[in-house]
There are 2 protein chains.
Amino acid sequence: MTDKSPPAGKPIRTAITSEDGIDFAIIELFFFAYRDFTSDPDQILADYGFGRAHHRVLHFVNRRPGLTVAELLDVLKITKQSLARVLKQLIDTDHVVQLQGPRDRRQRELYPTAKGRALALALARPQSRRIRAALEDCGAAERTLVERFLEAMVNPELRAQIDVGSGKMSGKSHGEH
Amino acid sequence: MTDKSPPAGKPIRTAITSEDGIDFAIIELFFFAYRDFTSDPDQILADYGFGRAHHRVLHFVNRRPGLTVAELLDVLKITKQSLARVLKQLIDTDHVVQLQGPRDRRQRELYPTAKGRALALALARPQSRRIRAALEDCGAAERTLVERFLEAMVNPELRAQIDVGSGKMSGKSHGEH
DNA sequence: GAAATTACGTCAATAGTACTGACATAATCT
DNA sequence: AGATTATGTCAGTACTATTGACGTAATTTC
């Protein structure tokens, strides 16, 4: 009577393909590519007792020195509480420092220290190496195209804060190519 | 004396750039692109009380019906214990069924049910739509190139289990690799 | 046939990242 | 003065992942 298994449980033996015009190839590749892409820094981070969240914070603090906590939350799209622990650890270990905002003293501007800059570079190096190798594998001329594809994968509303390529990074300093 | 802050803490005010030949643009784009790419299915999964792990299991069970638990662990690169809860939930909710292996009765071959197939498609649909849109944005002809780039981003040792493109997917039973 | 190995399941304990909601403080704006 | 903003913090929870250990059934090996 009270079967635990409802009648529906018949196994489907055929693989899902592109039947419904679904691009499983790229879906799957994206999964594998991102996993391996993050595995490089993950190994380094483990030595510091850090995780991927630390990497992201460190990355953006180095990319946009002086950004505020609120701006960082907006870029990462996480909550204050999620950031709190990670940021505190980075500050305690002297990778990041907080400076009181000049205009608004409530704000905390975040800056990397030399130590934080060095770690950010160390984490980015293997990722950049992987990217360079991949671009070479598929004809290096296509760099721009890959960039455009990835940018187009991002939600349109968010593309503003990406400021890719052109080096219009964070305003201030910049200028580089 | 016993300062809590070591001398090192001076803020660096200049943004990290391509100084060390590091490809920050693509590193960052990859982060944003993957985050938005996974956010689509995440919303659907929430309705089922499922997470991203359920999606991955469901995806590969649909892509390679009949794969064993050990094979799934190998593809996902997670531990048995991480898989256990997720797989159990998918089985309990009748998205996946286990069949005793024909050759080796210790093995459990995993198959999607109609329900599991439907959910896998529902999850993949917005992702595929996003990919299609992105490819159009950057000149659709470049599909192959994006595929090759992503594949090149994957660790070489793992490319075997990817069998991209051509739909030579799983070849169902067949002689494994 | 007995022993070792394999495939799977499960239990216990822990960690990292995320969430919601609430509350406190200081600074700025109206 | 009062409202709002920027930040910090506390409590509680959820999901995904880890390592290590143990058990059972099936297969392989000797």
Side-chain angles (χ1 to χ4, degrees), chain A residues 31 34-35 38-39 41-59 61 66-93 96-111, chain B residues 31 34-35 38-39 41-61 66-93 96-111 176:
Chain A
F31 163 67
Y34 192 74
R35 185 183 60 184
T38 51
S39 72
D42 280 357
Q43 294 215 308
I44 300 170
L45 289 159
D47 299 337
Y48 293 77
F50 289 164
R52 214 170 283 178
H54 299 84
H55 184 188
R56 292 199 283 262
V57 170
L58 206 49
H59 172 91
V61 168
L67 54 34
T68 64
V69 172
E71 285 166 349
L72 185 53
L73 290 176
D74 191 54
V75 171
L76 296 177
K77 296 265 177 289
I78 58 174
T79 59
K80 215 192 326 180
Q81 294 72 15
S82 297
L83 177 61
R85 178 190 52 98
V86 167
L87 183 55
K88 191 175 191 317
Q89 283 178 283
L90 287 170
I91 291 168
D92 289 348
T93 54
V96 172
V97 288
Q98 285 183 321
L99 266 61
Q100 204 171 49
R103 288 178 294 282
D104 186 334
R105 285 182 301 171
R106 286 171 306 179
Q107 293 184 332
R108 305 279 183 273
E109 293 187 343
L110 304 172
Y111 293 93
Chain B
F31 162 67
Y34 193 74
R35 186 183 59 182
T38 52
S39 72
D42 280 356
Q43 294 214 309
I44 301 170
L45 288 159
D47 298 337
Y48 293 77
F50 290 164
R52 214 170 281 178
H54 298 84
H55 185 187
R56 292 198 283 263
V57 170
L58 206 48
H59 172 91
F60 285 106
V61 168
L67 53 33
T68 65
V69 171
E71 286 166 349
L72 186 53
L73 290 175
D74 191 55
V75 170
L76 296 176
K77 296 267 176 287
I78 58 174
T79 58
K80 212 192 330 179
Q81 294 70 15
S82 296
L83 177 61
R85 177 189 52 96
V86 167
L87 183 54
K88 192 175 189 317
Q89 284 177 283
L90 286 171
I91 290 168
D92 288 348
T93 54
V96 172
V97 288
Q98 286 183 319
L99 266 58
Q100 204 170 51
R103 288 179 293 281
D104 187 334
R105 284 182 303 171
R106 287 171 306 180
Q107 294 183 332
R108 305 278 184 273
E109 295 187 341
L110 303 172
Y111 294 93
E176 32 284 280

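What you see is a predicted model; the values in this text were computed from it and never measured. Chain letters run A, B, ... following the sequence lines, proteins first and then strands; every chain starts at 1.
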TODO: Give the B/S/- string for nucleotides 14-21 of chain C, one per nucleotide from 5' to 3', where a protein heavy atom under 4.0 Å of the base yields B, of only the sugar-phosphate yields S, and otherwise -.
DONE: --SBBBBB

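Atom NZ of B:Lys77 sits in a crowded spot, with more than 12 heavy atoms from other residues, nucleotides or ligands closer than 6.0 Å.
For the atom pair CG of B:Leu90 and OH of B:Tyr48, the computed distance is 11.5 Å after rounding to the nearest 0.5 Å.
Inter-residue side-chain proximity for A:Thr38 and B:Tyr34 is flagged as unmet; no heavy-atom pair is nearer than 4.5 Å. Considering only heavy atoms from C-beta on, B:Leu83 comes within 4.5 Å of B:Val69 through its side chain. Contact check for B:Phe31 versus A:Arg56: side-chain heavy atoms found under the 4.5 Å cut-off. Here the side chains of A:Val97 and A:Leu99 are in contact, with some heavy-atom distance below 4.5 Å.
Remark: side-chain polar atoms of A:Arg108 are not paired, donor with acceptor, to backbone N or O of A:Leu67 under 3.5 angstrom. Looking only at distances, no side-chain donor or acceptor of B:Ser82 sits under 3.5 Å from a matching main-chain atom of B:Ile78.
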TODO: Any chance you could lay out the side-chain contact (heavy atoms from CB on, under 4.5 Å) test for A:Gln89 and A:His54, step after step, and finish with the verdict?
DONE: CA-CA 8 Å; A:Gln89 283 178 283; A:His54 299 84; 3.0 Å; yes

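A side chain to side chain contact (heavy atoms under 4.5 Å, CB included) with B:Thr68 holds for exactly one of B:Arg106, B:Gln107, B:Gln98; it is B:Gln107.
In this structure, A:Gln107 places its CD atom 10 Å from P of C:dT28, rounding to the nearest Å. The separation between B:Asp74 atom CG and C:dC8 atom P is 12 Å, rounded to whole Å.
Taken residue by residue, residues 96-105 of chain A places heavy atoms nearer than 4.0 Å to DNA chain D at A:Gln98.
The span of DNA chain D lying next to chain A, judged by atoms under 4.0 Å from heavy atoms, is bounded 5' to 3' by D:dT5 to D:dC10.
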